[in-house]
Undergrad: 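One structure, as structure tokens, below. Some questions next.
Worth saying up front: this structure is predicted, and the values here are computed from it rather than measured. The basis for the numbers below is simple: all heavy atoms, side chains too, and nothing from hydrogens, waters or symmetry mates.
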Amino acid sequence: TGGKSGGFNTDFLNSVSFGNGSFLAAGNVAPGNPLLLTSPDGATWTAQTPARVTAERGRFVNGQHVLWTPNFTQNQSNFTTTLDGVHYNAVNGSAPLGVTDLTFGKGTYLALGIVQPNATPATSTDLQNWTLGSAAQIPFASTVAFLNNQFFEGGGANIASSPDGINWTPVYNLAATGGCLACCSL
């Protein structure tokens with residue numbers, strides 16, 4: 001739920017990640033107006049105003065916070081990285097899809113996003129050069145994770161797994177087993 005926290009309107013936050021000793025919350029107040037907050041302890045937050053960063057989502061993957069803003073109209077996402085939430089580096093190039101989630105494993109970034117009208121995975125080794133996969137195996141897939149040496153994509157009560165982020169095996173009806181994607185910390 002949203003509200004005020006430390007004087008910041010948190011109604012606009014889309015993600016929180018933790019790594020390298022810092023929390024990083026990302027969102028946007030309005031298009032082109034990012035809301036980036038950092039915290040050493042999850043209780044005390046500081047607004048960051050890095051120049052030219054328009055990130056509204058983020059994950060801590062591969063030893064760094066990776067931030068992005070999906071552009072679903074143009075089917076692309078640009079990435080920015082930071083180790084500490086204070087110093088930011090824009091990544092040259094963009095993913096050819098509106099990224100909804102990102103994970104890293106086996107030396108590969110796996111992004112799940114929208115290439116209108118389908119959810120689609122894409123892989124990259126450097127966040128710059130991307131290879132689009134085929135449409136996601138899970139209808140309305142919106143989240144990805146790397147767990148137990150496997151990539152996973154999920155949406156609703158369904159998941160699919162992949163050893164490489166390219167070849168997917170559907171696993172349906174997870175809810176019938178009493179499981180949920182949220183319990184996997186996706």
Undergrad: OG1/T80 to OH/Y88 distance, rounded to the nearest 0.5 angstrom?
TA: 9.0 Å
Undergrad: How far apart are the C-alpha atoms of Q48 and V86, what are their side-chain angles, what is the distance that settles it, and do they pass the side-chain contact (heavy atoms from CB on, under 4.5 Å) test?
TA: CA-CA 7 Å; Q48 301 296 325; V86 177; 4.0 Å; yes
Undergrad: Between W130 and F79, is the ring centre distance below 6.0 Å?
TA: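 Yes, the ring centres sit under 6.0 Å apart.
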Undergrad: Just checking D41: does its CG atom have more than 12 heavy atoms from other residues, nucleotides or ligands closer to it than 6.0 angstrom?
TA: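 Atom CG in D41 is packed in, count exceeds 12.
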Undergrad: Spell out, as yes or no, whether a donor-acceptor pair under 3.5 Å connects the side chain of W68 to the backbone of R57.
TA: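 Judged by distance alone, no pair lies under 3.5 Å.
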Undergrad: Which heavy atom of T143 sits nearest a heavy atom of L112, and at what distance?
TA: N-CD2, 3.4 Å
Undergrad: Holding to side chain to side chain donor-acceptor pair (under 3.5 Å), I want the full list of residues that pass it with S142, two or more places apart in sequence or in another chain.
TA: none
Undergrad: Does the side chain of V144 reach to within under 4.5 Å of the side chain of F151, using non-hydrogen atoms?
TA: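 Answer no - side chains too far apart.
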Undergrad: In Å, rounded to the nearest 0.5 Å, how long is the span from CD of E56 to CG of N14?
TA: 5.0 Å
Undergrad: Roughly how far, to the nearest 0.5 Å, is the CG atom of N75 from the OG1 atom of T120?
TA: 8.5 Å
Undergrad: Can you get from V99 to L132 by hopping between Ile, Leu, Val, Met, Phe, Trp and Tyr side chains that sit under 4.5 Å apart?
TA: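 As far as the 4.5 Å side-chain criterion goes, L132 and V99 are connected within one cluster.
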Undergrad: Any heavy-atom pair between the side chains of Q76 and L97 that's under 4.5 Å?
TA: no
Undergrad: For a quick test of reading the model, state the closest non-hydrogen atom pair linking V91 to Q128 and the distance between them.
TA: CG1-CG, 3.5 Å
Undergrad: Applying the side chain to side chain contact (heavy atoms under 4.5 Å, CB included) criterion to Q64, which one of L127, D84, T82 satisfies it?
TA: L127
Undergrad: So, does T103 use its side chain to make a donor-acceptor pair with the main chain of L110 at under 3.5 Å?
TA: no
Undergrad: Could you state the interatomic distance from CZ (F23) to CH2 (W45), rounded to the nearest 0.5 Å?
TA: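 Atom-to-atom, F23:CZ and W45:CH2 are 6.5 Å apart.
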Undergrad: Could you walk me through whether N20 and S22 satisfy the side chain to side chain donor-acceptor pair (under 3.5 Å) test, starting with their C-alpha distance in whole Å, then the side-chain angles of each, then the deciding distance to 0.1 Å, before giving a yes or no?
TA: CA-CA 6 Å; N20 293 340; S22 68; over 6 Å; no
Undergrad: Is it true that a side-chain atom of S17 and a backbone atom of G58 form a donor plus acceptor pair closer than 3.5 Å?
TA: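 Side chain of S17 to backbone of G58: no pair is present.
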Undergrad: Between OG of S161 and CG of N148, what distance do you get to the nearest 0.5 Å?
TA: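 Rounded to the nearest 0.5 Å, the OG-CG separation comes out at 11.0 Å.
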Undergrad: State, with a plain yes or no, whether a side-chain heavy atom of T46 is found less than 4.5 Å away from one of L37.
TA: no
Undergrad: Hey, is the main chain of N167 close enough, under 3.5 Å, to the side chain of S162 for a donor-acceptor pair?
TA: yes
Undergrad: If hydrophobic clusters are built from ILVMFWY residues whose side chains come within less than 4.5 Å, do F18 and L35 share one?
TA: yes
Undergrad: If the threshold is 4.0 Å, N to carboxylate O, is there a salt bridge linking K106 and D164?
TA: no
Undergrad: For residues G165 and P121, report the shortest heavy-atom separation together with the two atoms involved.
TA: O-CB, 4.4 Å
Undergrad: Between T108 (side chain only) and T125 (backbone N and O only), is there a donor and an acceptor less than 3.5 Å apart?
TA: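 Side chain of T108 to backbone of T125, a donor-acceptor pair under 3.5 Å: no, none is there.
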Undergrad: What is the minimum heavy-atom distance between L67 and A26, and which atoms define it?
TA: CD2-CB, 4.0 Å
Undergrad: Might you point out which heavy atoms bring S77 and P70 nearest each other, and give the distance in Å?
TA: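 Nearest heavy atoms, S77 then P70: OG-CA, 3.4 Å.
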Undergrad: Any chance you could measure T38, atom OG1, to L24, atom CG, to the nearest 0.5 Å?
TA: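 CG of L24 is found 7.0 Å from OG1 of T38.
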